[in-house]
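Quick notes on the structure that follows.
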Amino acid sequence: MSEGGSIPVPQASAEDWINMLNEFQKDALSTRLGIPIFYGIDAVHGHNSVYKATIFPHNIGLGATRDPELVKRIGAATALEVRATGIQYVYAPCVAVCRDPRWGRCYESYSEDPKIVQAMTEIISGLQGEIPPNMPKGVPFIAGKEKVIACAKHYVGDGGTTNGIDESNTVIDRDELMGIHMPGYFSSIDKGVATIMVSYSSWNGVKMHANHDLITGFLKNTLHFQGLVITDFEGIDRITDPPRANCTYSVQAGVSAGMDMFMVPKFYREFIDDLTILVNNKFIPMSRIDDAVKRILRVKFMMGIFENPFADYSLVNYLGIKEHRELAREAVRKSMVLLKNGKSAEMPLLPLPKKVPKILVAGSHANNLGYQCGGWTIKWQGISGNDILKGTTILNAVKNTVDPETIVIYKENPDKEFVESNGFSYAIVVVGEHPYAEMHGDNMNLTIPNPGPETITNVCGAIKCVVVIISGRPLVITPYVDLIDGLVAGWLPGSEGQGVADVLYGDYGFTGKLPRTWFKSVDQLPMNVGDPHYDPLFPFGFGLSTEPT
Ligand SMILES: OC[C@@H]1[C@@H](O)[C@H](O)[C@@H](O)c2nc(-c3ccccc3)cn21
């Protein structure tokens, strides 16, 4: 496997990936039973660890599109780019239902509404292939060499932890668990998802990695899921506090709970020794081992890896192709949510005029591909800058779109005097969050990182402005809304920033709708649509429309 950012060599080509995997496979086939392996990676918004891959919007932006068919096409494109590198297994989609935007993984969640998450599991049909109608329920399905094994994650309730603290405790009753956090798995299993990854988090104080009732009792015996259940990275280590306090117990609890494959990247020899002792001493019945082995082999047979254990170079040219970038650009367009359009309905600011003498583009996120892609991009925690990623910044998208005679001035954080004294017709301000992933994104104040607020006030206090927020979630925007003329939630659009300019300038209309509530203040959190005391700045489902010009 690759954890976030682990690659064969810097800027590895598709051929480098294939050569590495085939070496591993050669070793696997030389073992006593010669059972081939598959290789897993987090391709969670395109093949995001891989140099020159297409980077799609993160899931929160896809939730804003309300377009399952689009997301299915994204799944198919992602599968093709993943197989182009010889990899057969992706740890996606995340079907978390984020209920508190203070959670560092909220952008990996399509929505606070389980129905939208269910709709977006259509990506599985793109990743694995369309399940045939006559397939028995719960059987994993993967349709050949341009498709991948998918992974619905993280089972279950990862998005409901208290105060959004990552890997923490989800304290709700069974009805709420089943009504809010389980529907994504119902739909994933209906679509033939081949694997399900267990959450680091706990439900009412019980670690999910040790939860026999929900893994074996419910997922396997009630829902008849027949694919394989995989742990998260060193997930069984974290059954104890501190992690690895009692490894034999962790192995016993994790295997007995019903997990079938164990992400044990470092201490695998110890894992094998512990498990062997536990089975030989009858703490774990052979029937449990047989169940796990059967499920792993079922997935391997289904995806044809026995027949074709080695990757070839036949698909390498699909990595980052133009058609996929156009698809990503379409997704960016459809993910933009227009929250404010002018200081009065009679005076809309958007679509912006293309032909004016001079405009200002400002903000920390206007000219930074790394920032617009967010976490899980090249590195686990994402990157900054334009020299590694291949794509279009929002600044360049604006330059590509305006009339050739329109002068475009870029200044990252201009002072008020500069803004007032240069005769700009209007400004586009692009600010937001710096990339993060998992617990590193847990944030209790959700303010726009500096110098974003200063850039907004300097620019929007002087001239007409549209502000595009690049973030993995709603942020505190209340103090600035009245100053701003146009406000767009841009989420984490990925490599194809041209999609932002497409709607700013009216080549396409705004259609995006909020996939989650935009709060007034963090003191209101958690606050989700349907809650009794629902008092948002912009409600779930809100989004202004514009017509293409
Ligand atoms: O990358 C593999 C999986 C990924 O699929 C899961 O969604 C995610 O919860 C995860 N966290 C780590 C991880 C966390 C801390 C240190 C090292 C690795 C690894 N992983």
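In each ligand, atom 1 is the first atom listed, and ligand 1 is the first ligand listed. Source: prediction; values computed, not measured.
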Can we say [X] and [Y] salt-bridge, meaning some charged N sits less than 4.0 Å from an Asp/Glu carboxylate O?
X: Glu146; Y: Arg83; answer: no
X: Lys153; Y: Asp42; answer: yes
X: Asp166; Y: Arg102; answer: no
X: Glu23; Y: Lys26; answer: yes
X: Arg244; Y: Glu270; answer: yes

inquiry  = Checking a contact table here: which protein heavy atom is nearest atom 1 (O) of ligand 1, and how many Å away?
reply    =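 Nearest neighbour among protein heavy atoms for atom 1 (O) of ligand 1, to 0.1 Å: Asp42 OD2, 2.5 Å.
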Which of the listed options, [options], holds the heavy atom that is closest to [atom]?
atom: atom 12 (C) of ligand 1; options: Glu438, Met1, His154; answer: Glu438
atom: atom 17 (C) of ligand 1; options: Phe233, Tyr200, Trp376; answer: Phe233
atom: atom 6 (C) of ligand 1; options: Val198, Asp232, Ile41; answer: Asp232

Enumerated ligand 1 atoms positioned under 4.0 Å from heavy atoms of [X]:
X: Met197; value: 5 (O), 6 (C)
X: Glu3; value: 1 (O), 17 (C), 18 (C)
X: Tyr91; value: 5 (O)

task = Please name all residues satisfying salt bridge (charged side-chain N to carboxylate O under 4.0 Å, His left out) with Asp67, sequence neighbours left out, ordered by chain then number.
result =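 Once residues adjacent in sequence are excluded, the partners of Asp67 under the salt bridge (charged side-chain N to carboxylate O under 4.0 Å, His left out) criterion are Lys334.
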query = Taking only residues two or more places apart in sequence, or in another chain, which ones meet Glu438 in a salt bridge (charged side-chain N to carboxylate O under 4.0 Å, His left out)?
reply =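 Only Arg105 meet the salt bridge (charged side-chain N to carboxylate O under 4.0 Å, His left out) criterion with Glu438.
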task = Could you check whether the rings of Trp491 and Trp518 sit parallel, tilted or perpendicular, using 30° and 60° as the cut-offs?
result =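 Trp491 and Trp518: tilted rings.
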ask   = Within less than 4.0 angstrom of ligand 1, does Glu234 place any heavy atom?
value =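 In this structure, Glu234 fails to qualify as a contact of ligand 1 - no heavy atom is under 4.0 Å.
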message = Please report whether ligand 1 has a polar contact with Arg238, defined as an N or O pair separated by less than 3.5 Å (distance criterion only).
response =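 The answer is no, given that Arg238 and ligand 1 share no N or O pair closer than 3.5 Å.
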ask   = Where on Lys153 is there a heavy atom closer than 4.0 Å to ligand 1, on the side chain, on the backbone, on both, or on neither?
value =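 Under 4.0 Å from ligand 1, Lys153 contributes side-chain atoms alone.
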task = Using a 4.0 Å heavy-atom threshold (strictly under), name the region of Arg105 that reaches ligand 1: side chain, backbone, both or neither.
result =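 The answer is the side chain of Arg105.
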